[in-house]
Amino acid sequence: MKGCSSIYLIAFLLIPQIYAAADKTLFDDKDDVIIYKENDYQQELYGGIRAHTFLLYSSWCGHCQRFAPAYKRLAEAIKTWSDVVPVAGVDCVFDVTVCRLFDVKGYPTLKFIGPTTNQSDVGVTYDGDRSQESMIEFIIKNLAAVKDPPRRWPNLHPVTVEEAKNYTSSAEVKKPKIVLFVDEERVGQRVMLDLQKSDLRFAMVNSAASEELGAKAAGIGVLSENGQVSHIAHIDTDPTKLEEAINRILGDSSSSEVDSDGSKEGENEKGIIEFIDTSLQYNNYELDMQSSINTALYMEVGLKTEFTEKELQDLKNFISVVRRCGSWTLDYKKQLSRVKNGLEDKESLTNKEWATILEGATEAGFPRNSTFLGCKGSTPNTRGYTCGLWILFHTMLTSCYNAAPGSVSVLHAIHGFVDSFFTCSYCRDHFLSMAEQMKLLSIEEDQTAVLALWEAHNQVNHRLSTEIHDPYFPKIQYPPRSLCAKCSDDDGQFDSDQVFGFLMRHFRRVQTPFGRMRVTAKRKNKKPKKGKKGKKKG
């Protein structure tokens, strides 16, 4: 027994060293994660002026070890927020008391801890997915909900027109004062937090106040003391580029020129300086697709007073494939499920009933506004909705290639949506005529469906290239060689094998509003058919 006791004692004495070694494998001094030791957290959390994104974990926990890289990336992404909300954590192996205090039921547990908290406050527990986008949304949502935030924090809520004018003329703040014109508060909140450590100070106004101040598009601008607005029509997602753009308009931006990064600068009839970024047009933004879905559901489908049996079935089919084949966050997919479930048992549908379904989804978080990023045109009536629809269509076909419900079913659902709900009769008639000529509804194989939509899109681009279009975004045959050098030759002939491979790669890469990339999970695909040349551009 004495020998056994010695073994137990040796093992017990080794536990701290084993755990200490494990702790070093999770976070170290090179990371942007603050790891509180022993009672350090009490001084920082209780009565402090900063909120905290707080991870309670155990360094031996395999799940925590797998989560650590994602938490490090989160910390790096929002490190400029640290004066407001640092990314921190406690290893429960070394301080189980704090983890018990915060009512931890399992590891890892992520919480938001507000400023000036006390020991009775266990914080808000995060229950979303592990994506960076979802965690950032969680943090911003809770920051905005803080009552009586510290004065040093940026104001994360829209101000009135009068407050904006008083803000810019205030002598209290000597630093450059920027006004954010936003359709979605989260975008403005992210900008203010990203640049919280800069020499700039911000106020945010919503779309209604923006128009009264003379800015009719979402973006970033300087509102001078005399009320004149200098305006950037696009919010760049890179904080460094964003700060450079803001500093540029703080100086003299009266000349019209093309920037070295491809963005075009001009002045409209209202005297608002606009920077049109053409470099984003080939990115697949989730925001663009969601904005087009919003427009489709609220404005296109919402135009119906009563639905025929065919229209109701077309709507059910469209919502089903959008939910199944889009590249969405878990939260957005849940909201689409609410819409789908609201329709499921309907044998008839009125406008009022449809509005009730949407209202229920909206109250549960389904977005209502439509704000375009990569699909934003140089004027409000160019690109936007139709651009986002095409990206959505291609994304759905490639995402559900050789997987339920399949690209062929998606193509049928798209055809039904355009037939029943696309309110531009000219565009609809052209699409349906083209679909009939191409025999789209007779296609039986997924690969053929993917390529057929691509060919249809190029036919539309060719037709529109001679009609009214955005001069900053000319209609071309897609993909250009700058995106896929092997997809076409010098004579403009496309290779269908190369195009198919490009489409499958390109439209499975979806970017979030803040520029993060999400890649659609790969599915087992059939071996593509041998392609052939002969499709010529235009």
Side-chain angles (χ1 to χ4, degrees), residues 15-46 48-99 101-102 104 106-115 117 123-143 153 190 192-198 237-240 243 512 514-519:
I15 285 176
Q17 283 126 355
I18 294 172
Y19 286 153
D23 183 47
K24 291 181 180 179
T25 65
L26 297 189
F27 308 101
D28 56 35
D29 295 338
K30 296 179 181 178
D31 300 319
D32 296 299
V33 180
I34 302 172
I35 300 301
Y36 292 129
K37 303 291 185 181
E38 299 178 351
N39 295 322
D40 291 346
Y41 73 92
Q42 295 187 17
Q43 182 178 352
E44 289 291 334
L45 266 61
Y46 299 141
I49 61 173
R50 297 191 296 180
H52 280 77
T53 301
F54 204 48
L55 181 68
L56 299 115
Y57 67 97
S58 182
S59 51
W60 55 258
C61 166
H63 203 50
C64 299
Q65 294 167 11
R66 290 191 294 271
F67 177 65
Y71 200 57
K72 292 177 184 180
R73 290 191 294 270
L74 171 68
E76 182 179 8
I78 64 172
K79 61 185 177 182
T80 58
W81 304 14
S82 60
D83 289 345
V84 175
V85 54
V87 176
V90 163
D91 188 344
C92 298
V93 166
F94 299 104
D95 199 342
V96 70
T97 303
V98 65
C99 298
L101 183 66
F102 282 101
V104 173
Y107 303 126
T109 294
L110 182 61
K111 286 180 175 282
F112 174 88
I113 312 296
T117 190
V124 181
T125 302
Y126 176 70
D127 60 359
D129 59 45
R130 299 298 170 87
S131 69
Q132 185 170 291
E133 176 191 355
S134 295
M135 289 188 284
I136 287 177
E137 169 68 16
F138 167 76
I139 297 167
I140 295 177
K141 177 181 178 181
N142 283 282
L143 284 174
W153 283 23
R190 178 68 191 265
M192 286 189 277
L193 289 166
D194 279 346
L195 298 182
Q196 201 273 330
K197 290 181 177 291
S198 72
T237 57
D238 185 317
T240 302
E243 188 169 6
T512 72
F514 303 122
R516 276 64 177 179
M517 187 74 70
R518 182 168 59 252
V519 181

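Everything quoted here is computed from the prediction, not taken from an experiment.
For the salt bridge (Lys or Arg N to Asp or Glu O under 4.0 Å) test, residues two or more places apart in sequence or in another chain that qualify with D31 are K72. Take Q196 and apply the side chain to side chain contact (heavy atoms under 4.5 Å, CB included) test, not counting sequence neighbours, and it matches D83, V84, P154. In this structure, K141 has no salt bridge (Lys or Arg N to Asp or Glu O under 4.0 Å) partners at least two apart in sequence or on a different chain. Taking the side chain to side chain contact (heavy atoms under 4.5 Å, CB included) definition, one finds that T117 meets it with L45, Y46, I113, D121, sequence neighbours left out. Scanning for side chain to side chain donor-acceptor pair (under 3.5 Å) contacts around T109 gives an empty result, with sequence neighbours left out. In terms of the side chain to side chain donor-acceptor pair (under 3.5 Å) criterion, R73 has no residue partners (sequence neighbours excluded). With sequence neighbours excluded, the residues that form a side chain to side chain contact (heavy atoms under 4.5 Å, CB included) with A88 are I34, Y36, H52, F54.
What you find for C64 and L26 is that their closest heavy atoms are O-CD2, 4.3 Å. The shortest non-hydrogen separation linking G89 to Y57 is C-CE2, 4.4 Å. Of all the heavy atoms in Y71 and V33, the pair that sits closest is CE2-CG1, 3.8 Å.
In this structure, the side chains of N142 and V85 stay at 4.5 Å or more apart for every pair of heavy atoms. Taking the side chain as every heavy atom from C-beta outward, R50 and W81 never approach each other to under 4.5 Å. Residues V90 and F102 are not in side-chain contact: their nearest non-hydrogen atoms beyond the backbone lie 4.5 Å or more apart. A 4.5 Å side-chain heavy-atom check between V87 and F27 finds every atom pair outside the cut-off. Counting only heavy atoms from C-beta outward, the side chains of F112 and L143 approach each other to under 4.5 Å. P108 is listed as a side-chain neighbour of R130, based on a closest heavy-atom distance under 4.5 Å.
Going from atom CD1 of I49 over to atom CH2 of W153 covers 9.5 Å, rounded to the nearest 0.5 Å. Considering CD1 of I78 and CD1 of I136, their distance stands at 6.0 Å, rounded to 0.5 Å. Atom CG in D32 sits 10.0 Å away from atom OG1 in T80 (nearest 0.5 Å). Atom OH in Y107 sits 8.5 Å away from atom CG in D91 (nearest 0.5 Å). In this structure, M135 CE and T53 OG1 are separated by 9.5 Å, a value rounded to the nearest 0.5 Å. Going from atom CD1 of I139 over to atom OG of S134 covers 11.0 Å, rounded to the nearest 0.5 Å.
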